[in-house]
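Structure record follows, encoded as structure tokens.
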Amino acid sequence: MDFVDALTLLGGVALFLFGMTLMGDALKLVAGNKLELILYRLSGTPIKGILLGTGVTAVIQSSSATSVMVVGFVNSGMMKINQAISIIMGAIIGTSVTGWIISLSDISGGGGILSLFSTEVLSAITAIIGIYLRMFNKERNKQHIGDILLGFSILMFGMKSMSSSVSDLRNSEVFINLLTKFTNPFLGILIGLIFTTIIQSASAAIGILQALSATGAITFEIALPIIMGIAIGAAVPVLLSAFGATVEGKRTAVSYLVVDFLGSLIFSIIFYSLNFFFHFSFMSTPLRSVNIALINTVFRVAIVLILMPSINIIENLISMLIKDEPVSSEAELDEINSLEERFISYPPLAVENSKLAIRKMGELALKNIYDALDLLVLSYSDDGYKEVERIENIIDKYEDKIGTYLTKVAVRELPSDLNRSVTKFLHTLTDYERISDHALNLAQSAKEIKDKNITFTSDAIREIRNITGALKRILAMVVEAFNNNDIELAYKIEPLEEIIDELCIKMKANHIARLTSGNCTLLNGYIYNDMVGDFERISDHCSNIAATMIEMEGGVLGIHTYTNDIKSRHTHNYEENYRKFKNEFNLMTT
């Protein structure tokens, strides 16, 4: 091989890799932004996981990308390791699809109608159609289809360049002698592993092996161990992605290597043992591109079938290899600590990851309000106060971390549904943080009441107990509505918020009457007014969350147009819900 041939080979490899990337990215866009969520949500059983892993990898043309996503799922707590292993097994099969696309280069242009399917003609036709769709269409989907066709054309052209550059090697004794060394399975596996580690793509490594088959020197005996080495080498990018991951994330990344290594080991023991006794005649048969694609697929399907019944055993083995780390003293931080930076490149997953964290934030805010109100109306304790303070600090961290994470997602080009979700989440996490601020305010009021030995009249105590019941109800409703995206429940928030506002107005009027009659002191009055202000603001933030949910469901975030509409027109059973809550939390009179 002279300098020109070597340069042509490298150029062919570059075009091949670019075409494969372009085609895979465009296929993913055509498949829609729900592809990653489908992988996350529908992988409940090993069979489903394998099928989904195969399908997604066939679309995005990269088992490494699928596996890195799965590492992110487990690292963020969105998925269990045994689910992840089944998806990784599917990815191992799915990556073989590229080899079948490449094998189209075997079709000859010898004459007749078959010449229409030659590499040159296929590349030309797909390139012409692709560039037309890419340049002369305004519809995004058609442009993406154009990118798929252009990617396919570039891939095939790169494959043709690689095959042409190595074709003269069929007459090279040095090349033939070198290849014969690869008949040693251990050396062949090592070469495949090293080569795939360098170029970071199993599909590309198989493609180059298919290009070399044009020399006629690649036999079954040479190809099989290299294919096994390529499979093992494909785990390297996934292992690299696990740096900085949790223990579960690292275990998931290692599972890719374990599955490929164990599968290759068991397969090679069985195959070479049978060959030792039966001396398979096809071992020295020269292979074409399509034969290599077939061997690659059969090998990958075989190792998955061998290991599929042993997913739990593999999980236990990996757990033995990678030990647990000490548990964090603040388990509440787990959700934000597992916000996955890997998912920023996959916005649907990043948004889903954020939603899970905000759910936890809402539950913590709910707990904090309940604890703070109990300090007021049941009994005060310093430990209880410290717990409210601790949770408030955690919720502040949630707002900062999730807000930063969502901002990184928001700067990307997002479809309208994801844009609405990001907007809703940014508004919601701010309201949850404010609610927790008011929980701390109430706890501080309870502490002041205890420290200064302040007592309220029986009427004031009854009013506080009544409104705390309403506050617990509205916050529980809004957290449930957000967590389940329950719009019907969200519509019930505003009538209860209106009742709480009326209760606050009545409490202030009653308080002034008690001050005037001398039944209440000025010091009591300051604390009482502060508490009523916190009660009112808590219900306002609950109303904000519900209104944002409803308005974003309609696609537009106005200045609470829903709130104004429901109050003026009393829609969505407003009157019925208002009467129900009014009966439950009676307005008090002096």
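These figures come from a predicted structure and were not determined experimentally.
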Do the side chains of [Y] and [X] get nearer than 4.5 Å, heavy atoms only?
X      : Y      : answer
Lys424 : Glu551 : no
Ile85  : Leu307 : no
Phe535 : Met507 : yes
Phe482 : Tyr432 : yes
Val238 : Ile88  : no
Leu349 : Asn353 : no
Asp431 : Val478 : no
Ile92  : Ser63  : no

Straight-line distance of [X] [atom1] to [Y] [atom2], nearest 0.5 Å:
X      : Y      : atom1 : atom2 : result
Met531 : Ser445 : CE    : OG    : 6.0 Å
Ile358 : Leu406 : CD1   : CG    : 5.5 Å
His438 : Glu433 : NE2   : CD    : 9.5 Å
Thr516 : His511 : OG1   : NE2   : 9.0 Å
Ile369 : Leu475 : CD1   : CG    : 6.0 Å
Leu321 : Lys250 : CG    : NZ    : 13.5 Å

Steps toward side chain to side chain contact (heavy atoms under 4.5 Å, CB included) verdict (Leu471, Ile500): CA-CA 8 Å; Leu471 288 167; Ile500 291 172; 4.1 Å; yes
Leu52 and Ile87: CA distance, side-chain angles, deciding distance, side chain to side chain contact (heavy atoms under 4.5 Å, CB included) verdict: CA-CA 7 Å; Leu52 284 165; Ile87 294 173; 5.5 Å; no
Could you tell me which non-hydrogen atom of [X] sits nearest to which non-hydrogen atom of [Y], and how far apart they are?
X      : Y      : result
Ile527 : Phe456 : CG2-CZ, 4.3 Å
Val351 : Ser421 : CG1-CB, 3.8 Å
Ala481 : Met549 : O-CE, 3.3 Å
Gly49  : Ser86  : CA-OG, 3.5 Å
Leu496 : Ala470 : CD2-O, 4.0 Å
Pro347 : Val409 : CB-CG1, 4.3 Å

Distance-only, no hydrogens or angles: does the [X] side chain make a donor-acceptor pair with backbone N or O of [Y] under 3.5 Å?
X      : Y      : value
Asn583 : Arg579 : yes
Thr428 : Phe425 : no
Glu248 : Ile81  : no
Thr404 : Asp400 : yes

CA sep, side-chain torsions, deciding dist, call: Gln83, Val70, side chain to side chain contact (heavy atoms under 4.5 Å, CB included): CA-CA 9 Å; Gln83 287 176 278; Val70 170; over 6 Å; no
NZ or CZ of Arg514 within 45° of Tyr528 ring axis and under 6.0 Å: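 Yes, a cation-pi geometry holds between Arg514 and Tyr528.
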Lys472 charged N/C atom sitting above Tyr370 aromatic ring, 6.0 Å / 45°: yes
Arg412/Ile344 under side chain to side chain contact (heavy atoms under 4.5 Å, CB included): CA gap, chis, key distance, verdict: CA-CA 9 Å; Arg412 292 177 169 268; Ile344 299 295; 3.3 Å; yes
Salt bridge (charged side-chain N to carboxylate O under 4.0 Å, His left out) between Glu341 and Lys408, worked out: CA-CA 9 Å; Glu341 292 294 325; Lys408 291 179 183 177; 3.4 Å; yes
Derivation and outcome, salt bridge (charged side-chain N to carboxylate O under 4.0 Å, His left out), residues Arg390 and Glu387: CA-CA 5 Å; Arg390 185 182 75 86; Glu387 177 66 5; 3.1 Å; yes
Side chain to side chain donor-acceptor pair (under 3.5 Å) against Asn483, all qualifying residues, sequence neighbours excluded: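 For Asn483, the residues satisfying side chain to side chain donor-acceptor pair (under 3.5 Å) (neighbours in sequence not counted) are Glu363.
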Stepwise salt bridge (charged side-chain N to carboxylate O under 4.0 Å, His left out) test for Glu480 and Lys492: CA-CA 12 Å; Glu480 182 183 348; Lys492 296 179 181 179; over 6 Å; no
Check against salt bridge (charged side-chain N to carboxylate O under 4.0 Å, His left out), Arg537 and Asp540: CA-CA 5 Å; Arg537 293 303 298 145; Asp540 288 343; 2.7 Å; yes
Crowding at NZ, Lys447 (>12 non-hydrogen neighbours, <6.0 Å):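 For Lys447, atom NZ is not crowded (no more than 12 foreign heavy atoms under 6.0 Å).
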Pair Glu448-Tyr526, side-chain donor/acceptor within less than 3.5 Å: no
Sequence-distant partners of Arg359, salt bridge (charged side-chain N to carboxylate O under 4.0 Å, His left out), two or more places apart: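 Salt bridge (charged side-chain N to carboxylate O under 4.0 Å, His left out) check on Arg359 returns nothing, list empty.
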side-chain hydrogen bond (donor to acceptor under 3.5 Å, both in side chains), paired with Thr66, selected from Thr57, Thr54, Thr95: Thr57
Reference residue Lys508; test salt bridge (Lys or Arg N to Asp or Glu O under 4.0 Å); the match among Glu502, Glu536, Glu463: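 One option only clears the test, and that one is Glu536.
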